[in-house]
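Heavy-atom basis, side chains included; hydrogens, waters and symmetry copies ignored. Residue numbers run from 1 in the order of the sequence given.
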Amino acid sequence: QVHLVESGGGLVQAGGSLRLSCAASGRTFSSYAMGWFRQAPGKERDIVAAISWSGDSKYYADSVKGRFTISRDNAKNMVYLQMNSLKPEDTAVYYCARSQRSMWSQYQFEYDYWGQGTQVTVSS
């Protein structure tokens with residue numbers, strides 16, 4: 001069983017920064033790609049960023065390229081999402097998820113474990 005717990009969300013003004021963290025349980029964390037997704041009110045859940053098992057390959061949604069950075073620390077079973085230059089449209093619940101594969105995927109059906117989410121609110 002794998003448990004994912006997100007933290008680091010909160011209220012921030014536009015232009016500000018937040019760093020989300022995702023703590024994962026399980027000995028095989030380093031074998032799998034990880035992803036960050038978000039869901040805004042009334043909208044579908046979308047991928048934000050994803051990272052391969054080694055951290056060498058990353059994917060970013062166009063809406064966050066150049067502003068967000070995904071990283072991982074396999075020794076600590078942690079995944080991070082550094083969010084800079086935040087905009088009101090970044091407001092959403094952010095979820096951490098574990099892929100079923102070692103290489104990142106932008107498709108939600110390839111992720112089998114999900115955290116409970118952390119709220120990010122960006123005020124204008």
Side-chain angles (χ1 to χ4, degrees):
Q1 188 71 8
V2 175
H3 292 284
L4 303 174
V5 179
E6 303 96 336
S7 62
L11 173 64
V12 64
Q13 289 188 334
S17 298
L18 282 175
R19 187 195 196 204
L20 304 185
S21 298
C22 173
S25 65
R27 293 176 295 175
T28 59
F29 171 81
S30 60
S31 300
Y32 298 95
M34 298 293 294
W36 284 98
F37 295 77
R38 68 185 180 187
Q39 186 168 22
K43 296 187 177 181
E44 294 184 350
R45 187 166 59 187
D46 293 322
I47 190 166
V48 175
I51 187 168
S52 66
W53 69 277
S54 65
D56 290 342
S57 181
K58 302 175 184 180
Y59 167 86
Y60 295 97
D62 288 343
S63 59
V64 306
K65 280 181 182 177
R67 300 188 298 122
F68 290 12
T69 302
I70 189 171
S71 61
R72 66 188 297 162
D73 185 336
N74 286 341
K76 297 181 179 179
N77 281 17
M78 296 291 295
V79 181
Y80 306 98
L81 186 68
Q82 178 66 44
M83 306 186 294
N84 299 329
S85 302
L86 282 161
K87 305 175 181 179
E89 50 264 44
D90 294 318
T91 295
V93 177
Y94 284 71
Y95 298 91
C96 170
R98 194 199 79 166
S99 174
Q100 300 176 61
R101 305 169 59 189
S102 58
M103 183 59 186
W104 58 258
S105 169
Q106 56 185 303
Y107 302 111
Q108 295 187 46
F109 69 84
E110 294 193 337
Y111 291 80
D112 53 358
Y113 291 99
W114 295 79
Q116 82 289 349
T118 185
Q119 176 70 47
V120 171
T121 302
V122 184
S123 63
S124 58

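Taken from OG in Ser99 to CD1 in Ile51, the straight-line distance is 12.5 Å, to the nearest 0.5 Å. In this structure, Met34 CE and Tyr80 OH are separated by 11.5 Å, a value rounded to the nearest 0.5 Å. Summarising the geometry, atom CE belonging to Met78 is positioned 6.0 Å from atom OG belonging to Ser7; distances are rounded to the nearest 0.5 Å. Here Leu18 contributes atom CG and Thr118 contributes atom OG1; the two are 8.5 Å apart, rounded to the nearest 0.5 Å. Here the NZ-NZ distance, from Lys65 to Lys58, works out to 14.0 Å after rounding to the nearest 0.5 Å. For the atom pair OG1 of Thr28 and CG of Asn74, the computed distance is 11.0 Å after rounding to the nearest 0.5 Å.
Closest non-hydrogen pair, Leu4 versus Ala24, comes out as CD2-CB, 3.4 Å. Taking every heavy atom of both residues into account, Met103 and Ser52 meet most closely at SD-CB, 4.0 Å. Closest approach of Phe29 and Asp73 over heavy atoms only: CE2-O, 4.1 Å. The minimum heavy-atom distance linking Thr91 with Val122 is given by the pair OG1-N, 2.9 Å. Residues Ser124 and Pro88 come closest through the heavy atom pair CB-CG, 3.8 Å. Here the closest heavy-atom approach between residue Arg45 and residue Tyr95 is recorded as CD-CD1, 3.8 Å.
For the ring pair (Phe, Tyr, Trp, His ring centres under 6.0 Å) with Trp104, the qualifying choice from Tyr60, Trp36, Tyr59 is Tyr59, the only one to do so. A side chain to side chain contact (heavy atoms under 4.5 Å, CB included) with Arg67 is found for exactly one of Lys87, Gln82, Met83, namely Lys87.
Taking a cutoff of 4.0 Å between a charged side-chain nitrogen and a carboxylate oxygen, Asp46 and Arg38 do not qualify as a salt bridge.
Linking Ile, Leu, Val, Met, Phe, Trp and Tyr whenever their side-chain heavy atoms come within less than 4.5 Å leaves Tyr32 and Val79 in two separate clusters. With hydrophobic clusters built from ILVMFWY side chains whose heavy atoms lie under 4.5 angstrom apart, Phe68 does not share a cluster with Ile47. Hydrophobic clustering places Trp114 together with Val93 (ILVMFWY residues linked when any side-chain heavy atoms are closer than 4.5 Å, directly or through intermediates).
Side chain of Glu110 to main chain of Gln100: no donor-acceptor pair is present (N/O by atom type, distance under 3.5 Å, no hydrogens or angles). Looking at Asn77, its side chain never comes within 3.5 Å of a backbone N or O of Ser25 through a donor-acceptor pair. A donor-acceptor pair under 3.5 Å is absent between the side-chain atoms of Gln116 and the main chain of Val5, judged by distance alone.
No more than 12 heavy-atom neighbours from other residues, nucleotides or ligands sit within 6.0 angstrom of CH2 on Trp53.
Using bins of under 30°, 30° to 60° and over 60° for the plane-to-plane angle, the ring pair Phe37/Tyr111 lands in the perpendicular bin.
With a 4.5 Å cut-off between side-chain heavy atoms of Ile, Leu, Val, Met, Phe, Trp and Tyr, the cluster of Tyr107 takes in Phe109.
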